[in-house]
2 protein chains.
Amino acid sequence: MLLLRDFAQVASPAGRRAPLRGAELGAVDVVEDAYVLVDAGTIADVGRMRDLKPLGAAVEERSFAGRCAVPGLVDCHTHPAFGGDRVEEFSLRAGGASYEELHAAGGGILSTVRATRAAGEDGLRDAVRRHAAWMRSHGTTTFEGKSGYGLDRDTELASLRAVRDAGGVPTWLGAHAVPPELDGDADAYLDVALAEVLPEAAKLAEAADVFLERGAFDAAQARRYLTACRDAGLSLRLHGDQFTEQGAIPLAIELGARSVDHLEATGDAGVRALAGSDVVGVLLPASALFLGRPMPPGRALVDAGAAIALATDFNPGSSFTESLPLVCSLAATQLKLSPAESLAAVTVNAAHVLQRSDRIGRIAPGYRADLAILDAPDWRYLAYHLGERPVALPASELA
Amino acid sequence: MLLLRDFAQVASPAGRRAPLRGAELGAVDVVEDAYVLVDAGTIADVGRMRDLKPLGAAVEERSFAGRCAVPGLVDCHTHPAFGGDRVEEFSLRAGGASYEELHAAGGGILSTVRATRAAGEDGLRDAVRRHAAWMRSHGTTTFEGKSGYGLDRDTELASLRAVRDAGGVPTWLGAHAVPPELDGDADAYLDVALAEVLPEAAKLAEAADVFLERGAFDAAQARRYLTACRDAGLSLRLHGDQFTEQGAIPLAIELGARSVDHLEATGDAGVRALAGSDVVGVLLPASALFLGRPMPPGRALVDAGAAIALATDFNPGSSFTESLPLVCSLAATQLKLSPAESLAAVTVNAAHVLQRSDRIGRIAPGYRADLAILDAPDWRYLAYHLGERPVALPASELA
């Protein structure tokens, strides 16, 4: 047993349900002057110091005076398996070039595909490990990681293994872009991907994902890809409504997807449809910031009753950040979400997207003892203090 | 002598001039596979490793393989002398309340004035030291710090001493707001401030600053305050055009101010006037982000030929961030400034605002050996990697 004591505050999304939506999304249990009791990596008890009962001499104690604990952060949308970087493209875009223009000019995703294929299995493993360490240094204790910069059998499978080996939750983003050797023939690419990659990817990944967008895959192609992946046992995710509405939300609902992610271009009808469904809207405000594009309609989605999560979209081209606290700051200042709503969106609701909300995303008895520790007097510094960097304290370090 | 060796890149604004503007603003000298030779805290030489001449045995060496150096960052606009925080207000604003509404409701600056007066001299000293350590943890080696949350003689002077004692450059922001006991009578407040505080503040501060804005001080009051401060030997700064244009730019030019800061509301005429002057425009995009307001016209100012600097505006109410790298990321993504332009804006041009550009803001012989070290292969990660946290390596640690 391990007693983590003297926290200024321990804050956790209230209740036991997932995903949270509507008024429940903003309900946070805050315990002041608190302790967390951990037994073999699982939370045994949470309470106020003054209510702490005598514990046996075998209990190890650690004091966290002046600090706050929130659940270890859950990043449910990242692209960590890549080689190289896109700093040159970033610098050009700062001078005015658009994402589509850079993509058309041979930059964009395909430049990362080249670098990722060149990295090799060891290079990819090193890259994902490094990126996972970056995430942890911002308080993330669980991350999803997508493939999608290989677009060939070996590199896609190596990407999934690299994510798994770094402790992440692998998602096969086989339909991220059409590889350069197929010269824009998306259907021909899907023929190969579904025949040759899916059977192996289904053994490594938990979910499949598709980039449904003008210039990538259309709704019919996305349906074909996702249906085949569902039949192979994978749960489903979609990149949708990033630049234009191409039917991602209806398709996600029709196929029973876990989530539809991005939604910067989602209009009122999409907001209403999502709110009436079980699909989680994953918002990626750092990506919108990075590209200098409109923000997703976070407030409208929450007010309509949609279940939302927040994630970094960590990737080299459109969101080179691994900081979920920064995402919470953007949610507060750009999406008009309260710190409480953001907390649920980066913990319990993100865990729900990853099908783990029974074990992670809350500080409550029975949950895994994954914590993020803020050196601050109030847990809401998570969003308030731009650049705040909580320390990840995963259960694996609390054995 | 101290040899800092094996840098992947050493990047510094080019030339010797300050402030940089126009095409010069984007000119960066980048030395690949580089060394920096330091003699008693001053840069003696910069060059490529292959050109390094044999050094005597007395030279200590430190390797920075895989890392980059830029000049230690200079934050020329911060408000670090305050008590308390504004996390409650932040959380309310995330729910939709405006800055002016919160101010009118008794939140805003005056809530921090109460907490700052209550902090006492020791509390203020501790607070500024803590905030200075935060800044350093993001690569800042020189910071300006304003008073302005005391608004009475003792607390204003204690604020200036706290900034000085933490190693900052003190600015007397005597005209930040009208203190609550004067019930909105700005002229009566200036009578007291100029008669009773200015004589002592002039001995502690290097500059004076005023918040010229509807609801704070009007142009006539700002002129009166600044003229008196100039006569007392202080250089001049202005908070101007944050919410509305109230004549800050013409006044800054007329009085020969070092800078006019904010400029979110500056229109074309203001851009042209500033570009034709010696006044530096200090842009604070983190403040605009934090308040969810329009960004300042950074690209237009640079294209018109204005000298600009970038700063955090660190303060508890409208910009709770001490990260200049984050400001550089915002400059790239929101203001359309290249990483090179941002680098000059947070080094040499910021140093010019603080009248120190002969000694800091460049990595070149004769400059103080203040560095910021990036754990990255390219110095442009300073802006590219959202949440990048360079390590400050000030000359005081290179003795």
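Throughout, a chain's letter reflects where its sequence line sits, starting with A, and its residues are numbered from 1.
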Would you please classify the geometry between the A/F7 ring and the A/F64 ring as parallel, tilted or perpendicular, with 30° and 60° separating the classes? parallel
With chain A, which of B/S91, B/G26, B/G387, B/S338 has the greatest number of heavy-atom pairs at distances under 4.5 Å? B/S91
Name the region of B/L92, side chain, backbone, both or neither, that has any atom closer than 4.5 Å to a heavy atom of chain A. neither
For chain B, which of A/R299, A/E388, A/R389 has the most heavy-atom pairs under 4.5 Å? A/R389
Quick check: closest heavy atoms across B/P316 and A/Y384, and the distance to 0.1 Å? O-OH, 2.6 Å
Residue A/L326 versus chain B: region with a heavy atom under 4.5 Å: side chain
So B/T141 and B/R136, side chain to side chain donor-acceptor pair (under 3.5 Å) or not? Walk me through it. CA-CA 6 Å; B/T141 53; B/R136 182 175 291 199; over 6 Å; no
Do A/D75 and A/T312 have side-chain atoms, one donor and one acceptor, less than 3.5 Å apart? yes
Checked B/L386, B/T333, B/T321, B/L330 vs chain A; the most non-hydrogen pairs under 4.5 Å come from B/L386
Between A/H77 and A/F314, does the ring centroid distance fall short of 6.0 Å? no
Please identify, among A/R380, A/Q334, A/K336, the residue contributing the most non-hydrogen atom pairs under 4.5 Å to chain B. A/R380
If we ignore angles and hydrogens, is there a donor and acceptor under 3.5 Å between the side chains of A/S12 and A/D29? no
With only heavy atoms counted, which part of A/E88 is less than 4.5 Å from chain B, the side chain, the backbone, both or neither? both
What class does the angle between the rings of B/F320 and B/F82 fall in, given that below 30° is parallel, 30 to 60° is tilted and above 60° is perpendicular? perpendicular
Can you tell me how the ring of A/W134 sits relative to the ring of A/H131, calling it parallel under 30°, perpendicular over 60° and tilted otherwise? tilted
Is A/P325 close to chain B through its backbone or its side chain, or both, or neither, when contacts mean heavy atoms under 4.5 Å? neither
In terms of heavy-atom pairs under 4.5 Å with chain B, which of A/G292, A/A331, A/A286, A/P339 leads? A/P339
Non-hydrogen atoms of chain B under 4.5 Å away: do they reach the side chain of A/L335, the backbone, both or neither? neither
Region of A/A383 that comes under 4.5 Å of a non-hydrogen atom in chain B: both
